[in-house]
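Every value quoted in this text rests on a predicted model; they were computed, and no experiment measured them. What's counted below: heavy atoms across the whole structure, side chains too, no hydrogens, waters or symmetry copies.
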Amino acid sequence: SQQGEEDPQALSIQEGENATMNCSYKTSINNLQWYRQNSGRGLVHLILIRSNEREKHSGRLRVTLDTSKKSSSLLITASRAADTASYFCATGSSGAGSYQLTFGKGTKLSVIP
Amino acid sequence: GAVVSQHPSRVICKSGTSVKIECRSLDFQATTMFWYRQFPKQSLMLMATSNEGSKATYEQGVEKDKFLINHASLTLSTLTVTSAHPEDSSFYICSAGYSTAEETQYFGPGTRLLVL
């Protein structure tokens with residue numbers, strides 16, 4: 001079943017602007033991850049934030065996690081046309097003897113040059 | 001590092017035929033591999049989890065007799081869609097993790113299946 005719900009579903013911005021995507025989830029988590037998917041391609045892992053962390057940075061990416069609100073946000077600063085892709089949050093849980101990810105519906109980001 | 005490949009990248013087949021999709025971890029040994037299905041403009045839905053040398057664990061609603069998964073080695077898992085029908089047309093993506101406790105998954109580029 002879907003765990004994460006991204007908001008907005010689609011986002012269009014000008015190059016150089018910041019892009020913020022939000023994710024909400026329902027159950028307790030060990031960590032929350034963000035992935036990126038270019039059209040018709042596989043997913044690329046961007047960043048993982050653990051449940052005991054509140055904020056994490058990686059290059060132009062900034063992720064926050066609020067476990068009390070069961071929400072996370074992904075901020076991409078100084079966006080570039082190459083950032084155009086779909087972004088998914090995924091929550092991790094242990095199941096079937098291994099670690100599983102449950103993905104949200106994704107935010108489609110379009111960065112206009 | 002942590003590169004996962006899939007073959008074929010796209011396949012078109014007639015209804016009733018079977019299609020095999022391969023997922024390989026190229027530069028690491030993957031104890032666990034995952035198979036996902038993604039419909040257009042939708043998210044990834046986990047189909048099954050396979051651990052090397054053991055039977056795959058299927059998610060609820062996924063027919064194990066229709067989607068045969070074999071994980072015979074630490075670098076190869078295969079998904080066979082048996083007696084494919086048009087409704088099986090989808091984007092199939094595999095991922096792999098170093099271990100059963102690995103939190104990050106490394107994804108293949110996906111296979112586009114079109115059943116006529």
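- Side chains of S25(B) and T75(B): no donor on one and acceptor on the other come within 3.5 Å.
- Listed by chain and number, the residues in a ring-ring contact (aromatic ring centres under 6.0 Å, His included) with F107(B) are Y35(A), F103(A), Y36(B) (sequence neighbours excluded).
- With chain A as partner, the option from R112(B), Q60(B), Q38(B) having the largest number of non-hydrogen pairs under 4.5 angstrom is Q38(B).
- Residues of residues 50-62 of chain A placed with any heavy atom under 4.5 Å of a heavy atom in chain B are listed by number as R50(A).
- The most heavy-atom pairs under 4.5 Å with chain B, out of L101(A), L48(A), N38(A), come from L101(A).
- Pairs of residues two or more places apart, or lying in two chains, that qualify as side-chain hydrogen bond (donor to acceptor under 3.5 Å, both in side chains) and include a residue from residues 80-90 of chain B are K66(B)-D88(B).
- Listed here is the closest heavy atom pair of W35(B) and S77(B): NE1-OG, 3.0 Å.
- Take R24(B) and apply the salt bridge (charged side-chain N to carboxylate O under 4.0 Å, His left out) test, not counting sequence neighbours, and it matches E22(B).
- Q6(B) and T111(B) share a side-chain donor-acceptor pair at under 3.5 Å.
- The side-chain heavy atoms of M47(B) and F34(B), taken from C-beta on, include no pair separated by under 4.5 Å.
- For a residue to count as touching a neighbouring chain, one of its non-hydrogen atoms must lie under 4.5 Å from one of that chain's; by this rule Q9(A) does not touch chain B.
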